[in-house]
Amino acid sequence: MPSRRTILKLGAAPFLFGRAPLVRAAAPQVAVIGAGAFGGWTAWWLARRGARVTVIDAWGPGNMRASSGGETRVIRGSYGDRAIYTKMSARALRLWQDREREWQQPLYVRTGALWMFGVDDSFAGASVPIMAAEGLPSERPTVDAARRRWPQISFSGISSTLFEPEAGYLLARRSCAIVLERARSLGAEYRAGAAAALSPSREVDRVPLEGSGTVAADAFVFACGPWLGRLFPDVIGDRIKPTRQEVFYFGAPAGDSRFDEGELPVWADFRERLIYGIPGNAHRGFKIADDTAGPLFDPTTGDRRNSPAAIEAARAFLRIRFPALGEAPLLGGEVCQYESSPDAHFIIDRHPSAPNVWIAGGGSGHGFKMGPALGEMLADLILTEGQPDPRFRLARFEPR
Ligand SMILES: Cc1cc2nc3c(=O)[nH]c(=O)nc-3n(C[C@H](O)[C@H](O)[C@H](O)COP(=O)(O)OP(=O)(O)OC[C@H]3O[C@@H](n4cnc5c(N)ncnc54)[C@H](O)[C@@H]3O)c2cc1C
């Protein structure tokens, strides 16, 4: 029997050299726990590269509790001076577009994204050259030009803008289901089940499921979003904090299409707080949310009803920025959670005591768009025994 090391290295071969039938006999078995944006895309890439993949999820891909479970998520390239994410987002955008074409399934809607700033627009100043280096176009319309282009927005208190023509939104929960389906069409197996908490002291060859049963594999990827702290209390614990985030959908007046995609881009008001929104999406209403981290939240049992205070805050904002929607009826809402790391960098690393156990999470309110690029990177790390970027590694944290 070849060692696991040999097997994992062989795993890259089918994709690289197209010798699938011969090598597939020795293809590595990888269990991916969690079918959200991180796990789903990782599973798809692993399956595409010839690994034998089992995906396990407690409640299903893009479920109502998952961080990936919302209707829509923004994809944009601006990241201030955090060039690593602009680069990853540029790669992800290409991959979303490629898969959309290949699968003939709607995943991404190009609306552009308009950023609005007060006096401090250093975020835009830092983003633009980095975006340009990654081939992502950007524009800096003056406030007057922006007012003429989007008369449905009031620019009071805004000093400058940034427009990203390639940005848009992704169909979030639906993409998770599609990606899993595509992974299955490449041979991945899907099982409903919940992995139990783990404190391994060396490599593992199987992990226990809650209730009964185990899943065996050569390597394991835990992509359990806001649940990672609970699954790895000693290694992750409160390094990933789930926080309660509220999203609202308001209704435009009958026959008024000014707040639909096509007429309005994705937008973000980035001043003391970051408040953002997504137009349109299958006529489900005008989406608005505050990016400020909310209170700690239990992703399993937390109450997902919107709070009157947050509804009123959203409406107060609409009165200023989108006056025609100031008295718009609330059509619906979502309560989701961020799963934030202390520095908002992702966590992508081996478990320190079990090198065949990978942990992928810490999306920190910006992870969804990265799914295809992150999955590509993680599949490569697993199959080639690579080393993750130091910014993603657990070693960046103070030892406990
Ligand atoms: C309101 C809101 C707005 C956001 N906006 C954006 C945005 O505009 N752009 C952007 O890029 N990102 C955005 N994000 C962030 C992004 O959605 C997340 O970072 C990303 O979806 C995280 O994906 P994940 O796969 O790590 O986690 P999840 O999507 O939470 O997936 C984890 C999966 O693991 C499963 N699971 C958990 N425990 C177990 C277990 N024990 N066994 C088996 N399965 C288990 C869950 O059922 C779930 O399906 C937003 C997040 C929120 C909440």
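All values below come from the heavy atoms of this structure, side chains included, with hydrogens, waters and symmetry mates left out. Whatever order the structure lists them in is the order used to number ligands and atoms, beginning at 1.
- For the residue pair Asp218 / Gln29, no side-chain donor-acceptor distance below 3.5 Å is found, with atom types taken as modelled.
- Among all non-hydrogen protein atoms, the one lying nearest atom 19 (O) of ligand 1 is Glu339 OE2, 2.7 Å.
- Judged by distance alone, the side chain of Asp121 and the main-chain N or O of Ser160 form no donor-acceptor pair under 3.5 Å.
- With ligand atoms numbered from 1 in the order given, ligand 1 contributes 25 (O), 29 (O), 31 (O) to contacts under 4.0 Å with heavy atoms of Gly36.
- Residue-to-ligand polar distances place Ala37 within reach of ligand 1: an N/O pair is separated by less than 3.5 Å.
- In terms of heavy-atom proximity, Ala51 sits nearest to Val30 at CB-CG2, 4.3 Å.
- Atoms of ligand 1 lying under 4.0 Å from any heavy atom of Gln337, numbered from 1 in the order shown and given with element: 53 (C).
- Heavy-atom separations between Gly69 and ligand 1 are all 4.0 Å or longer.
- Residue, atom and distance of the protein heavy atom nearest to atom 28 (P) of ligand 1 are Ser67 N, 3.6 Å.
- Scanning the protein heavy atoms around atom 3 (C) of ligand 1, the nearest turns out to be Tyr276 OH, 3.3 Å.
- At a heavy-atom cutoff of 4.0 Å, ligand 1 is contacted by both the backbone and the side chain of Asp57.
- Arg101 pairs by the side-chain hydrogen bond (donor to acceptor under 3.5 Å, both in side chains) definition with Asp98, not counting sequence neighbours.
- Aromatic rings of Tyr85 and His345 (six-membered ring for Trp) have centroids within the 6.0 Å cut-off, being under it.
- A cation-pi arrangement, defined by a distance under 6.0 Å to the six-membered ring centre and an angle within 45 degrees of its axis, is present between Arg149 and Phe163.
- Taking the six-membered ring where the residue is Trp, the centroids of Trp227 and Phe297 are separated by 6.0 Å or more.
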Q: Walk me through it: do His351 and Ile359 pass the test side chain to side chain contact (heavy atoms under 4.5 Å, CB included)?
A: CA-CA 7 Å; His351 188 285; Ile359 298 172; 4.2 Å; yes
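- Less than 6.0 angstrom separates the ring centroid of Trp115 from the ring centroid of Phe123.
- Considering backbone and side-chain N/O atoms, Lys369 comes within less than 3.5 Å of an N/O atom of ligand 1.
- Of all atoms in ligand 1, listed by their number and element, those nearer than 4.0 Å to a heavy atom of Gly60 are 49 (O).
- The hydrophobic clustering, which links ILVMFWY residues whose side-chain heavy atoms are closer than 4.5 Å, places Phe38 and Leu381 together.
- Put simply, no part of Ala360 is less than 4.0 Å from ligand 1, judged by heavy atoms.
- When only non-hydrogen protein atoms are considered, atom 44 (N) of ligand 1 lies nearest to Ala58 N, 3.1 Å.
- Every atom of ligand 1 with a heavy atom of Val247 under 4.0 Å away is listed here by number and element: 1 (C).
- Applying the 4.0 Å criterion to heavy atoms of Gly193 picks out, from ligand 1, the atoms 42 (N), 43 (C).
- The side chain of Asn63, and not its backbone, has at least one atom closer than 4.0 Å to an atom of ligand 1 (non-hydrogen atoms only; side chain from C-beta on).
- Residue contact check: Ala223 has heavy atoms under 4.0 Å from atoms 32 (C), 33 (C), 34 (O) of ligand 1.
- Centroid-to-centroid, the aromatic rings of Phe232 and Phe222 come within less than 6.0 Å.
- Geometrically, Arg319 does not engage Phe322 in a cation-pi contact defined by less than 6.0 Å to the ring centre and at most 45° from the axis.
- Of the protein's non-hydrogen atoms, the one nearest atom 41 (N) of ligand 1 is Ala195 O, 3.0 Å.
- Looking from atom 27 (O) of ligand 1 to the surrounding protein, the closest heavy atom is Gly225 CA, 3.3 Å.
- Of all atoms in ligand 1, numbered sequentially from 1 with element shown, those under 4.0 Å from a heavy atom of Val74 are 7 (C), 8 (O), 9 (N), 10 (C), 11 (O).
- Note that Arg182 lies outside the cation-pi zone of Trp44, set by a 6.0 Å cut-off to the ring centre and a 45° limit from the axis.
- A donor atom on one side chain and an acceptor atom on the other are found under 3.5 Å apart for Ser67 and Glu339.
- With respect to the salt-bridge test (charged N to carboxylate O, under 4.0 angstrom), the residues Asp269 and Arg321 qualify.
- When the heavy-atom distances from atom 15 (C) of ligand 1 to Gly371, Gly365, Gly363 are ranked, the shortest goes to Gly365.
- Looking at ligand 1, you'll find an N or O of Arg73 within less than 3.5 Å of one of its N or O atoms.
- Of all atoms in ligand 1, listed by their number and element, those nearer than 4.0 Å to a heavy atom of Trp59 are 47 (O).
- By the 3.5 Å distance cut-off applied to N or O atoms, Ala66 is not counted among the residues near ligand 1.
- Scanning all protein heavy atoms for the shortest distance to atom 12 (N) of ligand 1 gives Phe368 N, 3.2 Å.
- At a 3.5 angstrom cut-off on N or O pairs, Ser68 counts as close to ligand 1.
- Within the 4.0 Å heavy-atom criterion, neither part of Leu170 lies near ligand 1.
- Ranking the protein heavy atoms by distance from atom 53 (C) of ligand 1 puts Cys336 SG, 3.0 Å first.
- Considering Arg304, Arg244, Lys241, Arg65 as possible partners of Gln337, the one that fulfils the side-chain hydrogen bond (donor to acceptor under 3.5 Å, both in side chains) test is Arg304.
- Distances shorter than 4.0 angstrom occur between a heavy atom of Pro226 and an atom of ligand 1.
- Between Thr214 and Pro208, the shortest heavy-atom contact is CG2-CA, 4.0 Å.
- Inclusion of His366 in the set of residues having an N or O under 3.5 Å from an N or O of ligand 1 is warranted.
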